[in-house]
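Here is the naming used below: chain letters follow the sequence lines, and residue numbers restart at 1 for every chain. Just so it is clear, the values below take in all heavy atoms, side chains as well, and ignore hydrogens, waters and symmetry mates.
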2 protein chains.
Amino acid sequence: MIAAPADPMTLLQPIHRPSLHDQLVEQLRSYFTEGPLKPGEKVNEQALASAYGVSRTPLREALKVLASEGLLTWTPNRGVRMAEISAEGLAEVFEVLMALESLAGRKAAARMTEAGIAAIADLQARMEAEYEAGDISAYFRTNQAIHEAILQGSGNEALIGTHRSLSGRVRRARFMANMSRTRWQHAIEEHREILAALTARDAEGLGQLLAAHLEGKLRSLQETLPSSRA
Amino acid sequence: MIAAPADPMTLLQPIHRPSLHDQLVEQLRSYFTEGPLKPGEKVNEQALASAYGVSRTPLREALKVLASEGLLTWTPNRGVRMAEISAEGLAEVFEVLMALESLAGRKAAARMTEAGIAAIADLQARMEAEYEAGDISAYFRTNQAIHEAILQGSGNEALIGTHRSLSGRVRRARFMANMSRTRWQHAIEEHREILAALTARDAEGLGQLLAAHLEGKLRSLQETLPSSRA
DNA sequence: ATTCTGTATTTTGAATACAATATGCACGAT
DNA sequence: ATCGTGCATATTGTATTCAAAATACAGAAT
C-alpha cells in the first residue's frame, strides 16, 4: 500500500518544541498532587533529578516555581517538602476559590457559547453515570473537568491562571478526602442546579451556586481530613 | 563611656539569615515594577547577575518565579522580557482584583482590630495631605499601603498572597499612569467612603466600595495608557 | 544507659563550564 | 541598493564542580 500524498497544509505546521522547564513543571505538578508523597514529606532533589534524567539545575528552577505557588515548602538549606495544609489554611484557600469561581460563573453564564454549555451538559451526564457506577476516581476527574470548563468559559486568562495556581494547593487534599455517600449525592444535585443556571444563563445564580458548592465541599473535607492527615 | 550590659533577652534572639533567593525575588520585583525598563524590553541575565554580584544560577531561579507570577515573560531560548499588558489583559486582571479586594474588604470589616482601623485612618490623613501637596508619588505609595493594610486586615494569607502576585502584574501600569486631577480627587473621595465603611464595620458596603474604587482606577488607566504604551 | 561531642556523610547552594540556540553582521549575488 | 547566505558573536539552557550547611553516626564521658 502506498501512502497518500501528505496534505500540503500539514507540511508547514510550526514544529512544537516544548521547553524542558514547562515539561518539568507540569510533570512535577501532577506527581506531587497525585503521587505517593504525603504532606510534610521530604523531596529529594538528587533522586528526582535522576528519575527524570535531568540535572539538578533545571529541576530546581521548576521546584522553585511550584514552591512559589504553594504546592511545596522550601526551607533554606533544608530542601523541599510537600506543603502541609491546616484546617484553617484549607478554609482560607477555599474562601478565595469561592470568590474566584463565583466570578467565573458570572462571566461564563454571560459569554459561553451554546456549544460550550452543551459540552458541560455531556460532562454532567458522564459524571452522573460515574456516580451511579460508584467510580469515585472517574467522578473526581470529570468533576474537575466541569469546573475547569466553567473557568475556561469565563474567558478571563488572569482568572484561569490564578484559580489554577491556587487550586493546586488544595487539590491533593481534595484528592485524598473520601466523601460520604450523602455528600456525594448532594454534590451531584448541586451540579444539576449549576448546569441549569448555566443553561438559563443566570449569571448571579450560577455565581452563588458555585460558591455554595465549594462551601459544601469544604465542609465535607473538614469532616474527613483532620483524622487522615494526608 | 562604658556600654550598659546588654539585655539578656536580646542575646538569645535567633539570628536572621535571609536567603539569597528571597532577597533576589524581592529586589528584582521592585526593580521591575519601579525601575527603568519598559514593557516588552529585554532583560539581560548576564548583566543583571553581575549587577547584583551573583551568578546566573540563583538569578535564573528568581526570574522563573517572577515569570510564573506574570511580571516577566519567558520565551524559551530567547530570554526574559518585561511583560506587556494589553488593555484587555489589564481589564481581566482588574476584574479578578475586584473580586479579591471585595472579599478582603468584607473580611477586614468583620475582623480588623480598632487599632488597625485607626492606623488606616492615619494613612488616609497622610494621603490627603499628599494630595493637597500634589506629591503624586508619595500619594501612590500611601494609597498602596492602605490597600495592603485592608488586605492584611482580612487575615487570610491565601488571599494576601494571591492578591500580591496578581497586583504585581499591573503595578507597573498603575505606577506609570498619570491620573487626571479630577480622577485623583475622585479617588480621594472614594477612599473617604472606604474608611467610613470600615469604621462602621459595614462589610458588604466596604466590599462594594473597594470594587467600585478599582473599577474607577481601571477606567482612568484605560484612558491614559493606550497612548503612553509604557 | 544516656547525653554530649566531634567527625564523616549527605544534601543543598552557588559558581563555573560546556553545549545548544539565537542574533548580528559582513560579504557576495542579483 | 536590496536581499540572501554563511560565519562570528552573544545569549540561553543544562550539566558539572566546588563550597557551605545540615544530618547521621560513632565513640567518649558521665
Original post:
Can you check salt bridge (charged side-chain N to carboxylate O under 4.0 Å, His left out) on A/R169 and A/E69, steps first, answer last?
Top reply: CA-CA 8 Å; A/R169 279 201 237 181; A/E69 285 182 8; over 6 Å; no
Subject >> Closest to the A/R17 side chain, choosing from D/dA22, D/dA15, C/dT21 >> reply: C/dT21
**OP:** Please state how far atom CZ in B/R78 lies from atom C1' in C/dT21, giving the value in whole angstrom units.
**Re:** 9 Å
Subject >> Separation of D/dA15 P from A/H21 NE2 (nearest whole Å) >> reply: 15 Å
Subject >> A/K42 vs C/dT12: side-chain N/O to OP1/OP2 distance below 4.0 Å >> reply: yes
**OP:** Return the value, rounded to whole Å, for the distance between atom CG of B/L24 and atom P of C/dA15.
**Re:** 9 Å
**OP:** Say whether A/R106 and A/S102, considering side chains only, have a donor N or O and an acceptor N or O under 3.5 Å apart.
**Re:** yes
**OP:** Output the single nucleotide from C/dT12, D/dA15, C/dA22 whose closest atom is nearest the side chain of A/Q46.
**Re:** C/dT12
**OP:** Please name the pair of heavy atoms, one in A/H191 and one in A/N143, separated by the smallest distance, quoted to 0.1 Å.
**Re:** NE2-OD1, 2.6 Å
Original post:
Which nucleotide sits closest to the side chain of B/N77: D/dG13, C/dT11, D/dT16?
Top reply: D/dG13
Original post:
Whole-Å distance between D/dT11 C1' and B/L63 CG?
Top reply: 14 Å
**OP:** Taking only the side-chain heavy atoms of A/S55 (C-beta and beyond), determine which of D/dA15, D/dT12, C/dA22 contains the nearest atom.
**Re:** D/dA15
Original post:
Can you check the A/R60 CZ to C/dA15 C1' distance for me, whole Å?
Top reply: 12 Å
Original post:
Taking the side chain of B/R56 as its heavy atoms from C-beta onward, which of C/dT12, D/dT11, C/dA17 lies nearest to it?
Top reply: C/dA17
**OP:** In whole angstrom, give the distance that lies between atom CD of A/E45 and atom C1' of D/dA15.
**Re:** 14 Å
Subject >> Step-by-step salt bridge (charged side-chain N to carboxylate O under 4.0 Å, His left out) determination, B/R81 to B/E41 >> reply: CA-CA 5 Å; B/R81 298 181 171 279; B/E41 198 169 332; over 6 Å; no
**OP:** Take the protein atom CZ of B/R81 and the nucleotide atom P of C/dA22, then report the distance between them rounded to whole Å.
**Re:** 14 Å
Original post:
When the nearest nucleotide of DNA chain D is assigned to B/V43 and to A/T57 on a heavy-atom basis, which residue is associated with the more 5' position?
Top reply: B/V43
**OP:** Would you please classify the geometry between the B/Y139 ring and the B/W184 ring as parallel, tilted or perpendicular, with 30° and 60° separating the classes?
**Re:** perpendicular
Subject >> Separation of atom CG in A/L20 from atom C1' in C/dA19, rounded to whole Å >> reply: 14 Å
